[in-house]
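Structure record follows, encoded as structure tokens.
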Amino acid sequence: MDSHIPSPPTRRLSTGERENAIDRTIPLFPPAVEIDEHNYFDNNDPPEYLESMISGVQEFVKFHINNRVVLVTSGGTTVPLENQTVRFIDNFSAGTRGATSAEYFLENGYAVIFLHRQFSLLPYSRHYSHSTNCFLDFMEEKNGKVVVDPKYQEEMLSVLRKYQAAKDKNLLLLLPFTTINQYLHTLRALSVTLQPLRSRALFYLAAAVSDFFVPLHRIPEHKIQSKAGGNKLLMNLDPVPKFLHRLVEKWAPGAMIISFKLETDSSILLSKARQALERYSHQLVIGNLLQTRKTEVVFVEPDAPAHWIRLTPGQEAAGVDIESLIIPAIVKRHTVWIKESGNSA
Ligand code: 9Z3
């Protein structure tokens with residue numbers, strides 16, 4: 001045999017059928033009950049900053065005790081693979097839905113607690129941030145000074161005024177998270193802190209929350225080495241407990257609760273949204289598809305047929321935000337909720 005002919009490389013990649021990648025026959029993971037809550041929160045430590053964050057929230061709630069307050073969650077949670085984290089699992093969400101919705105809630109007279117993935121889009125600054133709206137593209141140099149390009153003046157002034165009004169009136173509280181664990185601890189502590197608002201509290205859960213995570217006791221301290229897994233790195237993830245039912249029943253009784261359901265397959269969107277509503281017994285599920293989430297959503301609520309909200313082609317061309325239609329529809333429902341609960345505001 002010619003010694004110059006290299007031997008075939010060792011095969012390192014698996015092959016297989018894509019259709020078999022996910023087993024859709026596996027039954028649903030049941031909603032979390034009390035013991036699951038203890039298990040999770042006793043074994044996954046709270047973030048160090050939580051106490052001081054919550055005391056800020058208590059102040060905010062005191063200030064707005066007679067107002068409507070919405071908790072908007074926004075952006076994706078991460079799943080760290082190492083304690084000193086180099087690598088983590090993430091998802092696509094940039095926080096557009098959450099940041100845009102927060103602006104329309106403010107316009108509708110709500111105080112907003114914005115629980116968001118750190119560095120994702122924020123209300124108002126979203127118009128001038130990240131790579132698609134880089135703030136430098138709105139500036140020019142004039143006589144050695146930086147000024148806003150005249151063609152953006154009017155729009156920027158309007159955004160700036162709204163932003164400053166929200167700040168001056170203490171209407172917007174920004175709270176960041178990064179990991180799924182930080183998100184869950186913060187969500188629970190926040191929910192309890194909002195209880196004095198009773199039905200005036202509204203939960204608008206738009207964050208894209210991880211379905212699987214690595215529990216604290218299985219996270220290695222240091223960076224996983226490339227040789228660690230031999231030919232493969234196998235990850236062992238636990239399902240994230242489904243806490244929505246706990247939130248509805250125990251953490252925030254009396255509040256109106258809205259969750260989002262995201263799918264990519266249009267044929268299952270409605271049934272999955274309805275299933276979520278029945279499993280968690282809350283007031284509204286907003287279904288959306290990854291591909292069309294900016295132009296259509298569907299409201300699924302108890303005792304009512306599914307209700308689609310869609311931008312017309314004209315609205316789409318004019319750049320209308322679908323949230324400008326979603327939020328007033330929610331405000332109407334929240335008004336009824338408050339009335340039926342016997343509270344005011
Ligand atoms: C949503 O469905 C949001 O509308 C989006 C917004 C994440 C699609 P963008 O940030 O996207 O504007 O680009 N959020 C909820 C997603 C989610 O994880 N829902 C869970 C599920 O579908 C229930 S909590 O099972």
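Along the sequence shown, the residues carry numbers beginning at 1. Numbering of ligands and ligand atoms starts at 1, following listing order. Computed over heavy atoms, backbone and side chain alike; hydrogens, waters and symmetry mates excluded.
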Worksheet entry | N/O separation below 3.5 Å, Gly95 to ligand 1 | yes
Practice prompt. Could you tell me whether ligand 1 has any atom less than 4.0 Å away from a heavy atom of Gly75?
Written response: no
Discussion item. Between His127 and Glu103, do the side chains contain a donor N or O and an acceptor N or O under 3.5 Å apart?
Written reply: yes
Worksheet entry | Heavy-atom donor-acceptor pair, Asn181 side chain to Asp45 backbone, under 3.5 Å | yes
Fill in: Where ligand 1 meets Thr96 - atom numbers and elements under 4.0 angstrom, heavy-atom basis
9 (P), 10 (O), 12 (O)
Worksheet, complete the sentence: atom 21 (C) of ligand 1 has as its nearest protein heavy atom Lys261 NZ, 3.4 Å
Worksheet item: Judging by distance only, is a nitrogen or oxygen of Arg97 under 3.5 angstrom from one on ligand 1?
Response: yes
Response to the item:
Quick note on ligand 1: atoms under 4.0 Å from a heavy atom of Ala206 include exactly 1 (C), 3 (C), 7 (C), 14 (N), 15 (C)
Practice prompt. Find the distance between CZ (Phe60) and CG (Leu190) and round it off to the nearest 0.5 Å.
Written response: 11.0 Å
Discussion item. Below 4.0 Å, non-hydrogen atoms only: which portion of Val209 touches ligand 1? Side chain, backbone, both or neither.
Written reply: backbone
Worksheet item: Does at least one non-hydrogen atom of Ala94 fall below 4.0 angstrom from an atom of ligand 1?
Response: yes
Item to complete: Treating Ile, Leu, Val, Met, Phe, Trp and Tyr as nodes and any side-chain heavy-atom pair under 4.5 angstrom as an edge, say whether Met256 and Leu197 lie in one connected cluster.
Response: no
Discussion item. I need the nearest protein heavy-atom contact for atom 4 (O) of ligand 1: residue, atom name and distance, please.
Written reply: Asn288 OD1, 2.7 Å
Discussion item. Could you tell me if the side chain of Gln182 sits less than 4.5 Å from the side chain of Arg117, heavy atoms only?
Written reply: no
Response to the item:
Among non-hydrogen protein atoms, atom 1 (C) of ligand 1 lies closest to Phe260 CB, 3.6 Å
Worksheet item: Are Arg218 and Asp238 within salt-bridge range, i.e. N to O under 4.0 Å?
Response: yes
Worksheet item: Relative to ligand 1, is Arg293 under 4.0 angstrom through side chain, backbone, both or neither, heavy atoms considered?
Response: side chain
Worksheet, complete the sentence: Residue, atom and distance of the protein heavy atom nearest atom 22 (O) of ligand 1 read Leu262 N, 3.0 Å
Worksheet item: If you measure only the distance, is there a donor-acceptor pair under 3.5 Å linking the side chains of Asp137 and Tyr152?
Response: no
Worksheet item: If you measure only the distance, is there a donor-acceptor pair under 3.5 Å linking the side chains of Asp265 and Ser267?
Response: yes
Item to complete: Have a look at Gly76, Ala207, Ser93 and point out the one with the heavy atom closest to atom 17 (C) of ligand 1.
Response: Ala207
Worksheet item: Does NZ or CZ of Arg188 lie under 6.0 Å from the centre of the six-membered ring of Phe41, at an angle within 45° of the ring axis?
Response: yes
